[in-house]
Amino acid sequence: MATGTEPPATDPRPRGGGVHAPTRAAIRAPHLRTDRWWLAPAGTAAGLLAFVVYSTWRAFANADYYAAPYVSPFYSPCLAENCAPMRSGPNWEIVGGWWGLSPAILILIFPLGFRLTCYYYRKAYYRGFWASPPACAVAEPHKKYTGETRFPLVLQNVHRYFFYAALVVALILTYDTVLAFRDEHYAWGHMGLGTLVFLANIVLIWAYTLSCHSCRHIVGGKLKHFSRHPVRYRMWRWVGKLNARHMQLAWASLVSVALADFYVYLVASGAFDDPRLF
């Protein structure tokens, strides 16, 4: 008895893997969505691409990244000898004079590694650039899917280690924010517009870092009885609330760190004078 669900006798689809596998549903259309599902992945790809282009330009520029008392978050801490001298700033000349490239390349590895392996950013660039899948209920065009079990995607598992590096970077940027309460002559007790920019950025950086899934697991993972660990349970619930906003915090902190760098660039290049509030 025919039920109306059998595939047609002649299947017009090409044979192969993925959505064209013989065991998949016999649907001629690649998907049944009629809405503009492509807007979300396209917007994600455009936003991430814009940040990549901007950060690459600033990282290799090797100029206009320090205007007392502000230092760009892209160049902090400065690990090479060719860094601009920053009074009481994050000058850590760990790398010798042999390093001739921009010092930003040495430090950006850690925050970028943390973001690239972040669970949300994986979803973002998997959908935006690799179409894996491009949207909900839209099949991916790849013939075979191996997930994150093979090289290079298996390297995503180092995210938990990049989290510890991100904590160190956040602490250093906090120190830079404290230094922003000085004037251009390094006198304490002053605040400029740049100080507010740095304050907003560090709040978002910490919120994004602590909302990380790895942080949530470190705080409350492997506990069989929350009742025996009330402090960790409260911390786990607090991190969980942040984790629910992980996507928004990821984008907000990405924009804020770029704006903080751009603000320093404007002041250091002489295009803009930092207004003093007091």
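Just so we're clear, the structure is a prediction, and the values are computed from it rather than from any experiment.
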Is the backbone of Leu179 close enough, under 3.5 Å, to the side chain of Arg182 for a donor and an acceptor to pair up by distance? yes
Min side-chain heavy-atom separation Leu242-Tyr208 under 4.5 Å: no
Any donor-acceptor pair under 3.5 Å from Arg122 side chain to Gln156 backbone: yes
If you measure from the Lys or Arg side-chain nitrogens to the Asp or Glu carboxylate oxygens, is any gap between Glu184 and Arg276 under 4.0 Å? yes
Between Pro103 and Ala80, the two heavy atoms sitting closest are CB-CB, 4.1 Å
Verdict with reasoning, His213 to Tyr120, per ring-ring contact (aromatic ring centres under 6.0 Å, His included): CA-CA 9 Å; His213 295 74; Tyr120 168 69; 9.6 Å; no
Here's one to test your reading of the geometry: is the NZ or CZ of Arg115 within 45 degrees of the ring axis of Phe51 and under 6.0 Å from its centre? no
Hey, any chance Phe162 and Tyr164 share a hydrophobic cluster, counting ILVMFWY side chains that come within less than 4.5 Å of each other, even indirectly? yes
When you check the side-chain N and O atoms of Tyr126 and Glu140, is any donor under 3.5 Å from an acceptor? no
Would you check, one step at a time, whether the test side-chain contact (heavy atoms from CB on, under 4.5 Å) holds for Val239 with Arg216? CA-CA 6 Å; Val239 173; Arg216 191 166 184 258; 3.8 Å; yes
One pair to check against side-chain contact (heavy atoms from CB on, under 4.5 Å): Leu106 and Val95. What are the steps and the verdict? CA-CA 9 Å; Leu106 295 172; Val95 179; 3.8 Å; yes
Does the side chain of Tyr65 come within less than 4.5 Å of Arg58's, by heavy atoms? yes
Tyr121 side chain vs Ala250 backbone, donor-acceptor pair below 3.5 Å: yes
What closest approach, in Å, do Arg232 and Ile218 show between heavy atoms, and which atom pair accounts for it? NH2-O, 3.2 Å
Verify whether one side chain among Ser211 and Asn243 offers a donor that lies under 3.5 Å from an acceptor in the other. no
Filter on salt bridge (Lys or Arg N to Asp or Glu O under 4.0 Å), then keep only pairs touching residues 85-111, sequence neighbours left out; what's left? none
Counting only heavy atoms not in Phe226, do more than 12 fall under 6.0 Å of its CZ? yes
Would you confirm whether Tyr125, through its side chain, and Leu116, through its main-chain N or O, come within 3.5 Å as a donor-acceptor pair? yes
Whether Phe163 and Phe114 hold their rings parallel, tilted or perpendicular, with breakpoints at 30° and 60°: tilted
Val52 reachable from Leu259 in the ILVMFWY side-chain graph, under 4.5 Å edges: no
Spell out, with a plain yes or no, whether Cys78 and Cys83 have SG atoms under 2.5 Å apart. yes
For the backbone of Cys136 and the side chain of Arg33, can you confirm whether one donor and one acceptor N or O come within less than 3.5 Å of each other? yes
Does Phe60 have more than 12 heavy atoms from other residues, nucleotides or ligands lying within 6.0 Å of its CZ? no
Does the side-chain contact (heavy atoms from CB on, under 4.5 Å) test come out yes or no for Leu167 and Thr209, once each step is laid out? CA-CA 7 Å; Leu167 285 178; Thr209 304; 3.9 Å; yes
Side-chain donor/acceptor of Ser256 to backbone N/O of Ser253, under 3.5 Å: yes
Result for side-chain contact (heavy atoms from CB on, under 4.5 Å) between Phe198 and one of Val264, Thr174, Val203 points to Val264
More than 12 heavy atoms of other residues, nucleotides or ligands under 6.0 Å from CE of Met235: yes or no? no
Any chance the side chains of Asp274 and Tyr70 put a donor and an acceptor closer than 3.5 Å? yes
Polar side-chain atom of Asp273 near backbone of Val267 as donor-acceptor pair, under 3.5 Å: no
Backbone of Phe278 reached by a side-chain donor or acceptor of Asp183 within 3.5 Å: no
Within a radius of less than 6.0 Å around OH of Tyr265, do more than 12 heavy atoms belonging to other residues, nucleotides or ligands occur? no
Distance alone, cut at 3.5 Å: any donor-acceptor contact between the side chains of Tyr75 and Asp261? no
Close side-chain approach of His159 and Ser214, heavy atoms under 4.5 Å: yes
4.5 Å side-chain heavy-atom contact, Asp176 and Pro90: yes
Rounded to the nearest 0.5 Å, what separation is found between the CE atom of Met247 and the OG1 atom of Thr44? 8.5 Å
Same apolar cluster: Leu112 and Phe110, side chain cutoff 4.5 Å: yes
Under 4.5 Å between side-chain heavy atoms, hopping through other hydrophobics if needed: is there a path connecting Leu171 to Val257? yes
Heavy atoms from other residues, nucleotides or ligands near OH of Tyr54 exceed 12 (cutoff 6.0 Å): yes
Is a side-chain N or O of Asn201 found less than 3.5 angstrom from the main chain of Ala260, in a donor-acceptor match? no
Separation between CG (Asp64) and CG (Leu266), nearest 0.5 Å, reads 9.5 Å
Under 3.5 Å, side chain of Trp99 to main-chain N/O of Ser102, donor-acceptor pair present? yes
Before we go on, tell me: are the rings of His190 and Phe181 under 6.0 Å apart, centre to centre? no
Non-hydrogen atoms of Leu249 and Ala207 that approach each other most closely: CD1-O, 3.5 Å
Identify whether Tyr161 and Ile107 are in the same connected component of the hydrophobic contact network (ILVMFWY, side-chain heavy atoms under 4.5 Å). yes
d(Ser88 OG, Trp188 CH2) to nearest 0.5 Å is 7.5 Å
About how many Å separate CG of Leu173 and CD1 of Ile205, when rounded to the nearest 0.5 Å? 6.5 Å
Just verifying a value: how many Å separate Trp98 CH2 and Glu81 CD, rounded to the nearest 0.5 Å? 11.0 Å
Using side-chain heavy atoms (C-beta onward) and a distance below 4.5 Å, is Asn91 in contact with Tyr66? no
Trp238 and Leu210: CA distance, side-chain angles, deciding distance, side-chain contact (heavy atoms from CB on, under 4.5 Å) verdict: CA-CA 10 Å; Trp238 181 74; Leu210 296 179; 3.8 Å; yes
Shortest non-hydrogen contact from Phe129 to Ala45? CZ-O, 3.5 Å
Verify the distance criterion only: is there a donor paired with an acceptor across the side chains of Thr117 and Arg160 at less than 3.5 Å? no
The reported gap from OG1 in Thr177 to CH2 in Trp206 (rounded to nearest 0.5 angstrom) is 11.0 Å
Locate the shortest heavy-atom distance separating Ser76 from Ile172; write the atom from each residue and the value. OG-CG2, 3.5 Å
Centre-to-centre under 6.0 Å for Trp57 and Phe74, is that the case here? no
Non-hydrogen atoms of Pro41 and Trp37 that approach each other most closely: CD-O, 3.1 Å
